[in-house]
Amino acid sequence: MALREIIIVPDPRLKQVSTPVEGGVTDDLRTLMDDMLETMYAAPGIGLAAVQVGVMKRVIVMDLAREGEPPAPRHFVNPEITWSSEETVPYEEGCLSIPDIYDEVHRPARVKVRYLNYAGETVEEEAEGLYAVCIQHEMDHLNGVLFIDHLSRLKRDRAVAKVKKGRSAKAA
Ligand code: K1U
Ligand code: ZN
């Protein structure tokens, strides 16, 4: 396994739509997902989309285990949201590609998601709570959408400016 670099706003790759995986779940794809999980745990984070390590494929990893619980890695290849609830809920989101910025986003409270798992099997399940929030945040990444795109233009521009300023201060 290997750590990969997480790309940060305003990297233009974060605004691109990722491409479906063709040919099923291969050993090369499993290596990518292993690397993504290692990178996500090191960050630390609870989810990561392949685009965030510069790979434009429709692949997501996630682990929602709480501190003290055993790891519970999840792998999503070509995920699709097949149903969303009318009811929405707010959640204070963060993003590893927008460091140190957190804000409230409203999203459907429950979704149904269909995807290929690590073994290449098709899974369809209903997500709620943090799982629903996180899968929608990560699916947004696959479509070139960031959580700050759900905020006002003023908040979005301020967030990007703050990240840029932080990075130039670190580089100096
Ligand atoms: O996609 C990402 O950038 C990862 C992001 C996922 C996410 C967080 C919150 C709501 C929706 C999606 C993160 O993991 S940000 C870091 C984070 O939430 C966290 C870090 C350490 C412990 C617990 C949470
Ligand atoms: Zn994110």
Side-chain angles (χ1 to χ4, degrees), residues 1 3-19 21 32-81 84-85 87-113 115 118 125-152 155-164 166-167:
M1 290 210 288
L3 277 181
R4 306 220 183 181
E5 189 186 340
I6 296 178
I7 63 175
I8 304 294
V9 290
D11 190 309
R13 288 172 289 183
L14 290 167
K15 302 306 295 174
Q16 288 177 19
V17 177
S18 295
T19 310
V21 170
L32 168 66
M33 293 192 282
D34 293 346
D35 288 356
M36 286 170 61
L37 271 171
E38 187 180 352
T39 304
M40 185 198 83
Y41 288 132
I46 56 172
L48 195 69
V51 53
Q52 293 179 276
V53 294
V55 176
M56 308 308 296
K57 289 185 177 166
R58 299 187 80 81
V59 175
I60 290 167
V61 295
M62 194 184 294
D63 191 333
L64 303 177
R66 298 201 188 135
E67 226 178 292
E69 289 180 354
R74 301 175 194 224
H75 310 80
F76 303 83
V77 175
N78 293 341
E80 291 170 70
I81 289 179
S84 305
S85 66
E87 183 198 352
T88 61
V89 285
Y91 193 86
E92 183 97 350
E93 298 194 14
C95 181
L96 297 176
S97 295
I98 317 172
D100 302 323
I101 304 289
Y102 301 89
D103 214 324
E104 192 171 87
V105 177
H106 291 250
R107 299 185 187 270
R110 292 177 305 286
V111 295
K112 279 187 185 157
V113 57
Y115 59 95
Y118 197 79
E125 61 197 8
E126 190 164 326
E128 63 179 346
L130 184 54
Y131 181 20
V133 172
C134 197
I135 193 68
Q136 291 177 83
H137 175 114
E138 303 305 336
M139 289 287 303
D140 268 359
H141 274 302
L142 302 187
N143 294 323
V145 175
L146 300 170
F147 85 88
I148 54 174
D149 295 325
H150 295 279
L151 308 177
S152 68
K155 281 189 170 185
R156 184 163 61 246
D157 290 349
R158 273 192 187 153
V160 175
K162 192 171 166 195
V163 174
K164 277 187 184 168
R167 286 183 72 74

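A quick note: this is a predicted structure, and the numbers were derived from the prediction, not measured. Numbering of ligands and ligand atoms starts at 1, following listing order.
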Requested in this report: Indicate the atoms forming the closest heavy-atom contact of I46 with M40, along with that distance.
Outcome: C-SD, 3.5 Å
Query raised in the report: What are the two closest non-hydrogen atoms of P44 and L96, and how far apart are they?
Result: O-CD2, 3.7 Å
Using a 4.0 Å cut-off to any heavy atom of [X], which atoms of ligand 1 qualify?
X    : result
E138 : 1 (O), 2 (C), 4 (C), 6 (C)
G47  : 1 (O), 2 (C), 4 (C), 14 (O)
Q52  : 1 (O), 2 (C), 3 (O)
G94  : 5 (C), 7 (C), 8 (C), 9 (C), 15 (S)
C95  : 3 (O), 15 (S)
H141 : 1 (O), 3 (O)

Report task. Find out whether the Lys NZ or Arg CZ of R58 is both under 6.0 angstrom from the six-membered ring centre of F76 and within 45° of the ring's axis. Result -> no
Check whether any side-chain N or O of [X] sits under 3.5 Å from a backbone N or O of [Y] as a donor-acceptor pair, and report yes or no.
X    : Y    : value
Q136 : A132 : yes
N78  : V21  : yes
S85  : P108 : no
D11  : R13  : yes

Query raised in the report: Between NE2 of H137 and SG of C95, what angle is found at the Zn ion (ligand 2), rounded to 10 degrees?
Result: 120°
Mind checking whether [X] has an N or O less than 3.5 Å away from an N or O of ligand 1?
X   : value
S97 : no
I46 : yes
L48 : no

Contact with ligand 1 for [X], non-hydrogen, under 4.0 angstrom:
X    : result
A49  : no
M40  : no
Q136 : no

Query raised in the report: Name the one of V133, D103, D140 that satisfies side-chain contact (heavy atoms from CB on, under 4.5 Å) with F147?
Result: D103
Does atom [atom1] ([X]) have a neighbourhood of more than 12 heavy atoms from anything else shown, all under 6.0 Å?
X    : atom1 : result
K15  : NZ    : yes
E5   : CD    : no
E128 : CD    : no

**Report entry** Protein contact of atom 3 (O) of ligand 1 - nearest heavy atom, named by residue and atom, plus distance
**Finding:** L96 N, 2.8 Å
Requested in this report: Around atom 11 (C) of ligand 1, find the nearest protein heavy atom and jot down its residue, atom name and distance.
Outcome: H137 ND1, 3.6 Å
Query raised in the report: Out of P99, G45, C134, whose heavy atom sits nearest atom 17 (C) of ligand 1?
Result: G45
**Report entry** atom 20 (C) of ligand 1 protein-contacted, heavy-atom criterion under 4.0 angstrom
**Finding:** yes
